[in-house]
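Single-structure report; data block below.
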Amino acid sequence: MPQGRTRVQKTQVALAGHVRPGDHVVSEGRSIEVLRVRRAQGRKPRTGENLHLVGVDEVIKVNSLDGVRILPRRS
């Protein structure tokens, strides 16, 4: 009987500007479900814009042009 391969959950790398509420973002080794994406107030960077990815009890601050890892959506 041939050995079956174990499925490894792959992540997708996308720009932070493409993150939507309901996505699971992998940051610092843990998965965070994004409840809300909001624009940061204050100084604008030269390129892109600052975003706050709001989770249950934490906020990730990123530029909209930074790459983030997103877990695939479960159907």
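You'll find the side chain of Val56 reaches within 4.5 Å of the side chain of Leu35, heavy atoms only. At a threshold of 4.5 Å between non-hydrogen side-chain atoms, the residues Arg39 and Asn50 do not count as touching. Within the 4.5 Å cutoff, no side-chain heavy atoms of Val54 are placed close to those of Val34. The side-chain heavy atoms of Ser27 and Val68, taken from C-beta on, include no pair separated by under 4.5 Å. A heavy-atom distance below 4.5 Å is found between the side chains of Leu53 and Val62. Side-chain contact between His18 and Gln12: absent, with no pair of heavy atoms (C-beta onward) separated by less than 4.5 Å. The shortest distance between side-chain heavy atoms of Val26 and Ile70 does not fall below 4.5 Å.
Heavy atoms from other residues, nucleotides or ligands lying under 6.0 Å from CZ of Arg36 number 12 at most. The local environment of CD in Gln41 is sparse, with at most 12 non-hydrogen atoms from other residues, nucleotides or ligands closer than 6.0 Å.
With hydrophobic clusters built from ILVMFWY side chains whose heavy atoms lie under 4.5 angstrom apart, Val37 shares a cluster with Ile32.
Gly48 and Asn63 get closest at one heavy-atom pair: CA-OD1, 3.8 Å. Across Arg69 and Thr11, no two heavy atoms sit closer than the pair NH1-OG1, 2.9 Å. When all heavy atoms are compared, the tightest approach of Lys10 to Pro72 is O-CD, 2.9 Å.
Atom CD of Glu33 is separated from atom CG of Leu71 by 11.0 Å, given to the nearest 0.5 angstrom.
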